[in-house]
Amino acid sequence: MTDRPTVRAIDVTKSFGRRRRAGAAVLAVNGVSLAIPARSTFGLIGESGSGKSTFARCLLRLVDVDSGSVELEGIDVTRLRGRALRSIRSRMQLVFQDPYSALDPRMTIADSIAEPARELKGLRGRVLESRVRQCLDDVGLGTHLLRRYPSELSGGQCQRVGIARALTVEPALLVLDEPTSALDVSVQAQILNLLNELQHEHDLTYLLITHDLDVVRYMADMVGVMYRGSLVETAAVTTLFADARHPYSRALLSLGVATDPVSPPSKRPPFLSSASGPA
Ligand SMILES: Nc1ncnc2c1ncn2[C@@H]1O[C@H](COP(=O)(O)OP(=O)(O)OP(=O)(O)O)[C@@H](O)[C@H]1O
Ligand SMILES: [Mg+2]
């Protein structure tokens, strides 16, 4: 099967800071190219400051690239403006690391979940309400939470709300930037299992950024290793963990990872970390 990739980045470069000002510009992303096949998970790893989040922000067009291009479902998002840009934004969504700060504390859960669908898809009234309820159900939360506020929810519940928010616009791509690192370990496992289920149910493609190698082994099909703004190695997850080529990848992996093989993506058993309680 030759599915078109959901995302294709070609030679993406992004720097911060003006050379005219004092201090050199930071070359955060330096000529990164990759393709993420539809309905697969691409794990992006690399030390802090290596440019993972900046690259994700380039994909989502939250920042403009200096050069290169990003295609989402065949459309170059780096050149879009106005209505066309708004329309493509509904096909790519970000799930934040900190579930509390991702939600407006003054908005009810119902309003938070409804916001992207209202803004990006123009949904209103009954249609919007039923989309919100459906997405809340999809992430395993009950409708009794709809009138609550983020401060009344647990971290895991807030992260589920964040995922429901993203789902309301029916995206093709979800960027998951450290989606579980702010959560309790037992809750992390539940969220990862939920993300796996949702990927199959909603035909989602994931870009997963994480420092947790266990998470990348469990979730990812392909892995990319970033080092100082460059993608130094891309490989299938099993290949990378068994036989990393680049010295930096080997150094990163040697910092600590178990060696048992990962299961095929379509038949993943529930994630159970060593500290997990019942999922
Ligand atoms: N808005 C910005 N203005 C100036 N520099 C920035 C900005 N955003 C990121 N940078 C710089 O770009 C580089 C890459 O940062 P980025 O946040 O993408 O790294 P990261 O790999 O996501 O790190 P972490 O794992 O800590 O989240 C860093 O040197 C960072 O300081
Ligand atoms: Mg980051």
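First listed ligand is number 1; within each ligand, the first listed atom is number 1.
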- Nearest-contact summary for atom 29 (O) of ligand 1 - protein heavy atom, Å: V26 CG1, 3.6 Å
- Does any donor atom in the side chain of Y218 or D212 lie under 3.5 Å from an acceptor atom in the other side chain? no
- Kindly give the heavy-atom pair with the smallest separation between I113 and V161, and that separation in Å. CG1-CG1, 3.8 Å
- Query: What is the closest protein heavy atom to atom 12 (O) of ligand 1, and at what distance does it sit?
  - Reply: A28 CB, 3.3 Å
- Does the protein put a heavy atom less than 4.0 Å from atom 31 (O) of ligand 1? no
- Task: Ignoring hydrogens, tell whether any protein atom lies closer than 4.0 Å to atom 4 (C) of ligand 1; use the non-hydrogen atoms only.
- Result: yes
- Query: Is there a donor in the side chain of S33 and an acceptor in the side chain of D11, or the other way round, less than 3.5 Å apart?
  - Reply: no
- Output the distance between atom CE (M92) and atom OG1 (T205), rounded to the nearest 0.5 Å. 13.0 Å
- Consider only side-chain N and O atoms of Q199 and T41, and report whether a donor and an acceptor are under 3.5 Å apart. yes
- Query: Quick one: does ligand 1 sit under 4.0 Å from the side chain of H211, the backbone, both or neither, non-hydrogen atoms only?
  - Reply: side chain
- Query: To the nearest 0.5 Å, what is the distance between CG (L60) and CD1 (I88)?
  - Reply: 11.5 Å
- Tell me which protein heavy atom sits closest to atom 6 (C) of ligand 1, plus the residue, atom name and distance to 0.1 Å. F16 CD1, 3.2 Å
- Have a look at Q97, K52, R57 and point out the one with the heavy atom closest to atom 21 (O) of ligand 1. K52
- Under 3.5 Å, N or O to N or O, is G49 touching ligand 1 that way? yes
- Message: Under a 4.0 angstrom heavy-atom cut-off, which atoms of ligand 1 come close to T54?
- Response: 9 (C), 14 (C), 15 (O), 16 (P), 18 (O)
- Return yes if a side-chain donor-acceptor contact under 3.5 Å exists between D76 and T78, otherwise no. yes
- From atom 17 (O) of ligand 1, work out which of S53, G51, A56, G229 has a heavy atom at the shortest distance. S53
- Message: Salt bridge check, E115 against R165: does any charged N sit closer than 4.0 Å to a carboxylate O?
- Response: yes
- When distances are taken from atom 26 (O) of ligand 1, the protein heavy atom at minimum range is S48 OG, 2.4 Å
- Below 2.8 Å, any N, O or S contact between Q97 and the Mg ion (ligand 2)? no
- Message: Would F55 count as a polar contact of ligand 1, with the cut-off being nitrogen or oxygen pairs under 3.5 Å?
- Response: no
